[in-house]
Amino acid sequence: MRDILIEYINWGQQLELALRSSRTANLIKLEPVDGVVFTGMGGSGIVGDVVAEYLEEVTEVPVAVVKSYRLPRYVRKGWLTVAISYSGNTLETIYAVREAVRRGATVAAISSGGRLLEVARELHLPYVAIEAGLLPRVAFPSLLAGTSAVLRDLLGVDLGLSKGLRVLEDVDGALKLSERLAAFLTGGVPVFVATEELYPLALRAKNEFNENSKVVCKVEVIPEWGHNDIVGWEGSRRGFKVVVFRYGGNSLTDFAARYIAELGHEVEVVDVDRGSYIESILYGSWVVGLASVILGRSLGVDPSETRSIVAYKEFLANLLPP
Ligand code: F6R
């Protein structure tokens, strides 16, 4: 069994190395863009969610996230498509890239190899080649650093990722919090609740517990939460373990935590605030990654293997000609 706990523990070193080595090849001078679309799936696609949320706060350009082989009609010449795939062989991402190229959009790629890097090299697209050899979900710091390089070099946007190194230093603190979280989640269906801005973290948490612990999870997003999910909690069904992510003083988050607890459900509030948005997302992602491996081990599963994703990808390969 591959020990991915140690690979998560080493995120600080991974990020440091990636920040030093991430360089955009085939760099071009880009005119102001009409919009930016991030395309990628799973452990790579989540980077698009994080960065899109950040860009929506700091730029006025329309930003979209696509997790599909289909590209929205509005993506065309004048748009920047940022394709993220750790393996470089994810069919949905390759299809979206091909379509973006066909429509004359600018395409940039972040990958450790595979078809995506081949296409980028063949077509002289801007790309960042990142270190291979990790599982995509474990390579989150590298994928984020690669994407950060593309944003800096093509759009002049600084994610402030180097500050993130600081939050990955306290391994003991993160492990302690992760062990507590894994213990809390044992024996129940994890439900991750967050405000919109922390949605990428709640989604990341769901994905991590799906893949590393092999458990079904749910995500609820505030404020939409207050218009439907909230009613579900009134019901008699039990057995949920509710994690509410907190970032800064947010009274809606506190209301949700209190309300669900008052209805008799088990709730744990996890404060991920570490200063900036990126630092907080990075720290929260670190903790849920560690916790999901710890929970997986305690459930007797191999956190590193994801045979169902392999089965899905094989099926898809028969549907979509390469
Ligand atoms: C595996 C994982 C998956 C992959 C997804 C897409 O660690 O996290 O969710 O990320 O199947 O593959 P890539 O990332 O290679 O494009």
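Quick caveat, the model's predicted, so the values are computed rather than measured. We count ligands from 1, going down the list as the structure has it; atoms in each ligand are counted the same way. Counting from 1, the numbers follow the sequence of the chain as shown.
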Worksheet item: Among E208, E305, R137, K313, which one has a heavy atom closest to atom 5 (C) of ligand 1?
Response: K313
Worksheet item: Can you check whether I94 reaches L116 side chain to side chain, under 4.5 Å on heavy atoms?
Response: yes
Worksheet item: Going by the order shown, which atoms of ligand 1 are within less than 4.0 Å of some heavy atom of M41?
Response: 5 (C), 6 (C), 10 (O)
Practice prompt. Mark up the atoms of ligand 1 that fall under 4.0 Å of a heavy atom belonging to S85, in ascending order.
Written response: 13 (P), 15 (O), 16 (O)
Discussion item. To the nearest 0.5 Å, what is the distance between CG on L71 and CZ on R76?
Written reply: 11.5 Å
Fill in: Residue pair R103 / K77, side-chain heavy-atom distance below 4.5 Å
no
Worksheet item: What is the closest protein heavy atom to atom 10 (O) of ligand 1, and at what distance does it sit?
Response: G43 N, 2.9 Å
Worksheet entry | Polar contact flag, side-chain donor to acceptor under 3.5 angstrom, D49-Y54 | no
Discussion item. Only heavy atoms of I309, strictly under 4.0 Å: list the atoms of ligand 1 that pass.
Written reply: 11 (O)
Item to complete: Using the six-membered ring wherever Trp is involved, compare the ring planes of Y283 and W286 and label them parallel, tilted or perpendicular (cut-offs 30° and 60°).
Response: perpendicular
Item to complete: Within a distance under 4.0 Å of any heavy atom of G42, pick out the atoms of ligand 1 and give their elements.
Response: 9 (O), 10 (O)
Response to the item:
among protein heavy atoms, the one nearest atom 12 (O) of ligand 1 is T90 OG1, 3.0 Å
Worksheet item: Are R258 and F255 in a cation-pi setup, meaning NZ or CZ lies under 6.0 angstrom from the ring centre and within 45 degrees of the ring axis?
Response: no
Worksheet item: Is it the side chain (CB and beyond), the backbone, both or neither of N89 that lies under 4.0 Å from ligand 1, heavy atoms counted?
Response: neither
Worksheet entry | No-hydrogen, no-angle side-chain donor-acceptor test under 3.5 Å, W11 and E16 | no
Worksheet item: Which protein heavy atom lies closest to atom 8 (O) of ligand 1, and at what distance to 0.1 Å?
Response: E211 OE1, 2.9 Å
Worksheet item: Hey, is T306 one of the residues with a heavy atom under 4.0 angstrom from ligand 1?
Response: no
Discussion item. Taking distance alone, with N or O pairs closer than 3.5 Å, would you say T93 contacts ligand 1?
Written reply: no
Fill in: Matching residue for E211 among R204, K206, R137 - test: salt bridge (Lys or Arg N to Asp or Glu O under 4.0 Å)
R137
Worksheet item: At a 4.0 Å threshold, what atoms of ligand 1 neighbour a non-hydrogen atom of S44?
Response: 10 (O), 13 (P), 14 (O), 16 (O)
Worksheet item: Does a side-chain heavy-atom distance below 4.5 Å link V119 with L117?
Response: no
Discussion item. Checking a contact table here: which protein heavy atom is nearest atom 15 (O) of ligand 1, and how many Å away?
Written reply: S87 OG, 2.6 Å
Practice prompt. Would you check whether L135 has a nitrogen or oxygen atom less than 3.5 angstrom from a nitrogen or oxygen atom of ligand 1?
Written response: no
